[in-house]
Amino acid sequence: MKKPPVHILLDPEKCRGCGLCMDVCKRGVMEVREGENACGCRPVIVVHPEKCVLCGLCIAVCPLHVISLKK
Ligand code: SF4
Ligand code: SF4
């Protein structure tokens with residue numbers, strides 16, 4: 001799938017799978033990945049970057065600062 005010029009970047013290896021980002025996202029951009037990451041968590045991954053409206057809510061709520069904007 002094609003990513004927009006500016007898009008969110010989520011590092012699944014640092015994610016703890018708390019789900020806060022998915023709770024605030026109204027666009028269905030992310031979902032929980034199958035399998036554990038290096039931290040022993042099932043991380044959230046970005047599956048529909050084209051649906052993201054760059055509202056920044058997921059970035060604001062992530063306690064671990066796993067999500068950022070990337071050009
Ligand atoms: S920036 Fe907004 S629309 Fe994009 S993934 Fe985060 S919460 Fe969803
Ligand atoms: S809020 Fe951060 S740590 Fe929690 S699931 Fe989302 S990316 Fe992972």
Side-chain angles (χ1 to χ4, degrees):
M1 75 198 68
K2 193 174 187 303
K3 290 178 180 175
V6 179
H7 60 94
I8 59 162
L9 184 69
L10 191 161
D11 185 347
E13 291 310 311
K14 294 180 181 170
C15 173
R16 297 297 195 274
C18 68
L20 289 174
C21 54
M22 291 181 65
D23 289 345
V24 297
C25 182
K26 307 301 181 195
R27 306 284 298 181
V29 174
M30 298 165 279
E31 66 182 37
V32 179
R33 191 185 79 182
E34 291 296 324
E36 297 179 351
N37 62 13
C39 304
C41 306
R42 284 186 64 192
V44 168
I45 56 172
V46 176
V47 289
H48 292 296
E50 76 282 0
K51 293 183 179 177
C52 176
V53 293
L54 303 175
C55 68
L57 288 175
C58 59
I59 296 171
V61 299
C62 179
L64 298 173
H65 308 294
V66 171
I67 311 172
S68 58
L69 281 181
K70 181 167 178 62
K71 291 184 182 175

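Just so you know, ligand 1 is whichever comes first in the structure, and atom 1 is the first atom listed for that ligand.
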Just how far is it from atom CG of Leu20 to atom CG of Leu57, taken to the nearest 0.5 Å? 12.0 Å

Cys58 heavy atoms, cut-off 4.0 Å: which ligand 1 atoms fall inside? 1 (S), 5 (S), 6 (Fe), 7 (S)

Ligand 1 contacted by Val24 (non-hydrogen, < 4.0 Å): no

Looking only at protein heavy atoms, identify the closest one to atom 8 (Fe) of ligand 1 and say how far it is in Å. Cys25 SG, 2.4 Å

Using the rule that Ile, Leu, Val, Met, Phe, Trp and Tyr join whenever any side-chain heavy atoms are under 4.5 Å apart, tell me whether Leu64 and Val29 fall into a single cluster. yes

Rounded to the nearest 0.5 Å, the SG atom of Cys25 sits from the CD1 atom of Ile8 at a distance of 7.0 Å

The answer for which part of Val53 has a heavy atom under 4.0 Å from ligand 1 is both

Short list, please: which atoms of ligand 1 are under 4.0 Å from a heavy atom of Val29? 5 (S)

Under 2.8 Å from atom 8 (Fe) of ligand 2, protein N/O/S atom count? 1

Identity and separation of the nearest protein heavy atom to atom 4 (Fe) of ligand 1: Cys52 SG, 2.3 Å

Without placing hydrogens or testing angles, list every side-chain donor-acceptor pair under 3.5 Å for residues 30-46, not counting sequence neighbours.
| residue | atom | partner | partner atom | Å |
| --- | --- | --- | --- | --- |
| Glu34 | OE2 | Arg42 | NH2 | 3.3 |
| Asn37 | OD1 | Cys39 | N | 2.9 |
| Asn37 | OD1 | Gly40 | N | 3.2 |
| Asn37 | OD1 | Cys41 | N | 3.0 |
| Asn37 | ND2 | Pro12 | O | 2.7 |
| Asn37 | ND2 | Cys15 | O | 2.8 |
| Arg42 | NE | Arg33 | O | 3.1 |
| Arg42 | NH2 | Arg33 | O | 3.4 |

What's the shortest distance from atom 1 (S) of ligand 1 to any protein heavy atom, and which residue and atom give it? Gly56 N, 3.3 Å

Return the residue, atom name and 0.1 Å-rounded distance of the protein heavy atom closest to atom 5 (S) of ligand 1. Ile8 CD1, 3.3 Å

Where ligand 1 meets Arg27 - atom numbers and elements under 4.0 angstrom, heavy-atom basis: 3 (S)

In terms of hydrophobic clustering (I, L, V, M, F, W, Y; side-chain heavy atoms under 4.5 Å; direct or indirect links), are Val24 and Ile59 co-clustered? no

Ranked by distance from atom 2 (Fe) of ligand 1, the top protein heavy atom is Cys55 SG, 2.2 Å

Hydrophobic cluster identity match, Ile67 and Leu54, side-chain contacts under 4.5 Å: yes

Which pairs, with at least one residue in residues 12-23 and sequence neighbours excluded, count as a side chain to side chain donor-acceptor pair (under 3.5 Å)? none

Starting at CZ of Arg27, measure out to CD of Glu50 and round the result to the nearest 0.5 Å. 9.5 Å

Would Val66 end up clustered with Leu69 when hydrophobic side chains under 4.5 Å apart are linked, directly or stepwise? yes

